[in-house]
J.: 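Here's a structure for you.
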Amino acid sequence: MLDTLLPILIFASLALAVIGAWRRVRLWRQGRSAPVDLLKGLAAMPRRYLVDLHHVVARDKVMSNTHVATAGGFVAAAVLMVLVHGLGLAEGVLGWVLLAASATMFVGSCFVARRRRNPPARLSKGPWMRLPKSLMAFSLSIFAITLPAVGLLPDGFVEGSGSWVLALALCAVLVWGLGEMVFGMTWGGPMKHAFAGALHLAFHRRPERFSTKGGEGNRSTGLKALNLDDRQAPLGVETPSDFTWNQLLGFDACVQCGRCEAVCPAFAAGQPLNPKKLIQDMVVGMAGGSDAHYAGSPHPSQALGGKPVGEHRGSPDGPIVAREGKALVDADTLWSCTTCRACVEECPMMIEHVDAIVDMRRFLTLEHGNTPNKGAEVLDNLIATDNPGGFDPGARMHWAADLELPLMRDRQQADVLLWLGDGAYDMRNQRTLRALVKVLRAADVDFAVLGNEERDSGDVARRLGDEATFQSLAKRNIATLSQYRFQRILTCDPHSFHVLGNEYGELGGHYAVCHHSTYIAELYDAGRLHFKPWKGGSVTYHDPCYLGRYNGEFEAPRNVLRALGIEVAEMERSGFRSRCCGGGGGAPITDIPGKQRIPDMRMGDVRETGAELVAVGCPQCTAMLEGVVDASAEVRDIAELVADALIAAPASTGERSQTQEAQAAEVL
Amino acid sequence: MQPDTHAIEGLAVTVLVSVGRHPVTGRSRRADQDARGVELARSLPGADIGLLHAGRLDAGNEAALRGYLGMGFDALTLIEQPENSDALPALAEALKAAPPQLVITGERAEQGEGSGLLPYLLAERLGWPLVSGLAAVEDVSAGVATVLQALPRGQRRRLKVRLPAILTVDAAAPAPRQSAFGPAQRGRLEVNEAPVAADVELAEWQFNPARKRPKRLKIVKAASARDRFKAAAAKAEGGGGQVLTDVTAEQGAEAVYKLLKEEGVLR
Amino acid sequence: MSEILRRDPRKEWIARNRLHPQHLEVLAELGRSAGQGAASEWVGPHGLVRRNPHVVGFMGPNGLKRIDRSGVQQGAGGGRAAKAAAQSKPLVEIESPAFLVTVVPDMAGGRLTGHDRDLLGLARQLADADPAAPGAVLAVIFGDHKEDGFAEAGIDRLLHLDGPEVEGFAPEARLGALVAVENAWTPRHWLIPDSKLGGADLGRRLAARLGERPATGVWQLEASDEADLGWSCTARGAAGSLDIQRPLPRFALALAECAEPVSDTRHAASELTLPQALPARLSRIEDLGQVAVDPAGVALSEAEFILSAGNGVRDWDGFHHAAEVLGATEGASRVAVDDGFMARNRQVGATGTWVTARVYVAVGISGAIQHLQGIQSCDKVVAINMDPGCDMIKRADLAVIGDSAKVLEALVALVEQAREEKRNAA
Ligand SMILES: Cc1cc2nc3c(=O)[nH]c(=O)nc-3n(C[C@H](O)[C@H](O)[C@H](O)COP(=O)(O)OP(=O)(O)OC[C@H]3O[C@@H](n4cnc5c(N)ncnc54)[C@H](O)[C@@H]3O)c2cc1C
Ligand code: SF4
Ligand code: SF4
């Protein structure tokens, strides 16, 4: 009897799954078109899954192994199940392999169950709580029905022993398992992540993120430009269907693991943003309906508790953010993001939260004209004065009146173009700039500045969604830069670094850009700088998001600190897991209230290390961390530390190892 | 007329807008006060708002005018005029041809003479009442507008004015909403022709960038030249302020009190 | 009035005698009588260096112009004599003026404002330019007033229009009255303060009604032979970014500090009446009176006097009470807002409001750069703080080092005491 029932069940569930898949695909295809190489993507998918995705998952070893066992077991079991039970090819080794696969899967599902016993807050509950049971149901029932097939149990054992009840029960369990694992995969259960996730990896909007056999993927962090010339095209994303289809697909791939939630600084500060919930909101919007079924932590709201779930609803062609009242997402959710990319970095499904958030912000700014708080003013300033503070563009160099910085206009060429950034108007940052100039002069670097010809890089405008102002600034900067010859651009502002290096390219400006920490490290290695040993107290280092996660520069600043004789007392969250200072993405400008401030939390991290000084490499971080009241540590830019430690080259030049030893001795 | 809500439903409002000038860089932009006027108009429920500008159309001006469209308008009527012409006849004709109930405008232009006369001349020509320096329009009904005029220190005066009327706004009026790029690009500039009147008088004046006006020194009451000399020779106040350390709270309060009194902020 | 026309050896002697108590006055008169129309800026310390050297000189006995280098700068030694002079300012009477210069002072609060006095000073320049045919300064004032210094302010004739129709905000009635003045006397010059809600409004109405193109934002006058009225003026245009040089028209709306106020003479300030009663007219603008606005709740950007609280404020009731007693608008640092003591719309600074208050009192605010940005354009900053080294102290014009609660308490006591005394005195 099972022989007839099993193929029916299996093929029926497969058929339903295909129908579900087709329906799901239709949901994704509501999105705008996107240039994707489908075949190449499909071909690359296994590697992306096995290498890149698991590279992220493997940060949590137990979970990684669990996933390998469960997912691997499932994929194998499912394929073999079709062969063995569906097509009756039980002969030989197949049955045994199926047994092994389902057993592996079972073991995996036990670990899944264990994690679900006391799940951390970041995990979604609801249907996800039944997943381990479903996994077990599937693996156990497959295991059981395969036993007769391989002859471990006599044929017809189940029915034969007369226990119809047992047979039916087994079938029922199998139906449950098939329902969750096969049917649910395409109709919207927790297993959807496997189906959508696989395709998402194949058709990812940033294929360059993934490694190939040729080598590592790059970080691919630059935002994509908006076509402003097409007057009919909507600017940014108003409705879920305004996303590209592969973005929608990406949202659908979310496993609600909440890793993004756990690292999101805005979430931790109690600002109304939870990246996981945001992605789920997009899924709700894509399918239409309300967020009532969402089973994770909500967007926090100002008053400690969460934004109530179930009050927001949307549809594929309905607005995501309402001009008035509620729609799918509230505007303050989108404006809370600091674009720190911690979520993207952590997401095992490689979902691009920041792209989505900026896309939606673009609509709010360019179409609604609704950039909150000081946003509108800052953008107006950028338009009228080319800097966010509304300062006189002719006063950009006032801070350096006594330094006689060489101007590109006079020199026409230099090895290094020093990009000052808008910090030139800020008294605090001017100290950093002065320090950097001192260092460059000490190392005899051939550099020049643009002076008053420099404009804001457009970073803030772009993160605030004002693509028009960004492109206007970028194009004018590119035109200015094109007049001069230089090897590379040096800047102490990671935001300028990122924009010049990663985002101007699409508009025709290709430059080799480097951060001052990188450059100083190079100068030191080349023996052009000499430091006296560090005498201060303990020091920690804060990785700026736009230097670290955006550009992968984690080592150079640490090398410089080491060269200074400083041993960095690392914060728990450092390197690619560094916690944002709260200064990116225009967040200080939109200033969405939370229950605490992000820089206060970061200073708390600093305090935990016991450091008396926190070294930074970004004017924004400096401002944010210095704005903390009753801070336990002093904030200094790396350039300042280096400038303070400069000493003339020892008489016997070239003997670097000796000096180093001498320094080391002194440090000891 | 009956006190009905109809009056406000189809309230025809024309906002006169001009090309502004950024105070720091001099780049053209939407004029601040005019933009506030537009914002004020948008706060009137049921208002049917038209934007009207008389002036030259070139790239710089167009970008600035589109700034108003970006506040959520489909179109702006532009009466083309050469530079340095008197906009009054053109505007008056346009308003006479299709008279709105309310004309709202900023107090003075950011370019050219910027005398702030235009609304008054228009009011005179059209025979309409004019109220200046508004902070808000509270209500429009039965052919009467109830408005709040801004007084110093954030104070307000309530006025009633018979419609049709001209209202001018200044910096106390609500800040203009952000101008959105999309609508600004898509909006239409409807260009109308109108008679041109050259401003002959203005052409003879000399225009120079504003000189810094000398700060007046404290006037010494005593008529003696010696005292005046002392006043003139006294170093201009400023630089580091006075710091009172080691004083009792009472002494400190005394000093603060004196300063508040001198500045005349205590009532 | 014409005494300054005659050559007066005594005056010339005084002019040469720097120690004479009337030295300055006489010098002025002689300067004018020499027919130099240029503003004789020598009177008092006007501006920084805008002194006209031609006016400083005087005619020596041999008919040569002599410049007294030490002249005005070096004061008269005799303090006693100078005092005596101040007590009796000479009375200047102009019985049959050649023309009228009409000034319409704002009279805000029922008194001549500083701006009004500057205009009257300017009016005198116009009136007294030609000693051979001096003009008279006519001031037109509306409604009740408390001013008793019209004569010292340089007013020869005073037209006081009273009555319910010109009280409050009554631009149409006032305009009607001014038109009547024009019809009755056709003044040669009209000078009106270009002041918000005062002369700026009325003056433009008048000019528009009479079909004359006024000069607005005038801040400087110069004699000019080319101009019809013999003067040219410099006026601010384009939102204060341009100086426009043009002939002075009949109507001029002038800025504050356009001239020095009259300080050395007294004038008749004799009352005039209009030949005809004002016609009754229906006003299309009705004044419903001032709306009560709580100073504490005034929008920060408009506030003139702000009492701002930071992390150094502990006694919040005391702070609010102080703001109320002082009649100040409340502001706050971000910390005070974050900690929930103050509303968000009270935050001053980079991410709050940029304020333009005349007086800003920072109580327990350390002066972080983001906060200081917001008070850049404040005139006077007062800091009350425990820490003498903090940045707010560096920015402040007056800093009191002490506990915020105590200082505020003492300040409140002072203000209340002063009010009490005033009440008792009244
Ligand atoms: C991007 C960004 C934007 C910001 N925007 C703003 C902004 O718009 N506005 C703003 O205000 N801040 C802003 N800040 C915060 C700013 O950096 C400071 O943290 C903040 O202004 C400090 O507030 P405070 O002076 O009240 O507190 P504190 O720095 O703690 O100063 C308290 C002061 O009170 C004094 N004090 C303590 N007790 C007493 C007492 N009993 N009597 C008298 N004095 C006492 C102390 O000496 C100290 O000087 C911003 C920060 C960042 C990073
Ligand atoms: S978006 Fe990524 S990190 Fe966040 S819950 Fe979904 S899968 Fe996890
Ligand atoms: S980018 Fe940073 S702030 Fe924004 S959602 Fe991701 S983790 Fe949160």
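Throughout, a chain's letter reflects where its sequence line sits, starting with A, and its residues are numbered from 1. Computation of the quantities below employed the complete heavy-atom set of this structure, encompassing side-chain atoms and omitting hydrogens, waters and symmetry-equivalent molecules.
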J.: Is chain C contacted by the side chain of B:Asp170, its backbone, both, or neither, given a heavy-atom distance below 4.5 Å?
T.: side chain

J.: Show the nearest heavy-atom pair for residues C:Arg358 and B:Glu263, with the distance to one decimal.
T.: NH1-O, 3.0 Å

J.: Evaluate the side-chain proximity of C:Leu255 to B:Arg213: yes if any heavy-atom separation is below 4.5 Å, no if none is.
T.: yes

J.: Looking at CD of B:Glu250 and CG of C:Leu411, how far apart are the two atoms once the value is rounded to the nearest 0.5 Å?
T.: 11.0 Å

J.: With only heavy atoms counted, which part of C:Glu409 is less than 4.5 Å from chain B, the side chain, the backbone, both or neither?
T.: neither

J.: Where does B:Gln251 contact chain C at under 4.5 Å (heavy atoms): side chain, backbone, both or neither?
T.: neither

J.: For B:Glu254, is it the side chain, the backbone, both, or neither that has a heavy atom closer than 4.5 Å to a heavy atom of chain C?
T.: both

J.: Examine whether an atom of B:Glu124 lies under 4.5 Å from a heavy atom of chain C, and if so say whether it belongs to the side chain, the backbone or both; otherwise answer neither.
T.: side chain

J.: Atom CD in B:Gln206, atom CD in C:Gln245: separation rounded to 0.5 Å?
T.: 5.5 Å

J.: Write down the atom of B:Tyr120, the atom of C:Ala200, and the distance for their closest heavy-atom approach.
T.: OH-O, 4.3 Å

J.: Relative to chain C, which segment of B:Leu260 carries a heavy atom at a distance below 4.5 Å: side chain, backbone, both, or neither?
T.: side chain

J.: Where does C:Pro171 contact chain B at under 4.5 Å (heavy atoms): side chain, backbone, both or neither?
T.: neither

J.: Under 4.5 Å from any heavy atom of chain B, what part of C:Val298 do you find: side chain, backbone, both or neither?
T.: side chain

J.: Name the region of C:Ala322, side chain, backbone, both or neither, that has any atom closer than 4.5 Å to a heavy atom of chain B.
T.: neither

J.: Check whether any side-chain heavy atom of B:Asn208 lies under 4.5 Å from a side-chain heavy atom of C:Thr234, and answer yes or no.
T.: no

J.: Specify which of B:Arg162, B:Lys160, B:Arg108 makes the most heavy-atom pairs with chain C at under 4.5 Å.
T.: B:Lys160

J.: Identify the two heavy atoms, one from B:Arg211 and one from C:Arg236, that lie closest to each other, and give their separation to 0.1 Å.
T.: O-NH2, 2.6 Å

J.: Do B:Asp199 and C:Arg213 come close enough that some side-chain heavy atom pair is under 4.5 Å?
T.: yes

J.: Between C:Val382 and chain B, which part of the residue has a heavy atom less than 4.5 Å away: side chain, backbone, both or neither?
T.: side chain

J.: Non-hydrogen atoms of chain C under 4.5 Å away: do they reach the side chain of B:Ala172, the backbone, both or neither?
T.: both

J.: Begin from the C-alpha positions of C:Lys196 and B:Glu107 and carry the test salt bridge (Lys or Arg N to Asp or Glu O under 4.0 Å) through to its verdict.
T.: CA-CA 10 Å; C:Lys196 268 202 68 56; B:Glu107 241 164 28; 3.1 Å; yes

J.: Heavy-atom pairs under 4.5 Å with chain B are the metric here; pick the option from C:Glu172, C:Lys406, C:Arg209, C:Arg419 that has the most.
T.: C:Arg209

J.: Under 4.5 Å from any heavy atom of chain C, what part of B:Leu259 do you find: side chain, backbone, both or neither?
T.: side chain

J.: Quick check on C:Asp194 against chain B: is it the side chain, the backbone, both or neither that has a heavy atom closer than 4.5 Å?
T.: side chain

J.: When you check the gap from the basic side-chain N to the acidic O, do C:Glu302 and B:Arg156 get nearer than 4.0 Å?
T.: yes

J.: Does any heavy atom of chain C fall under 4.5 Å from the side chain of B:Leu151, the backbone, both, or neither of them?
T.: both

J.: Is the closest side-chain heavy-atom distance between C:Leu326 and B:Leu266 below 4.5 Å?
T.: yes

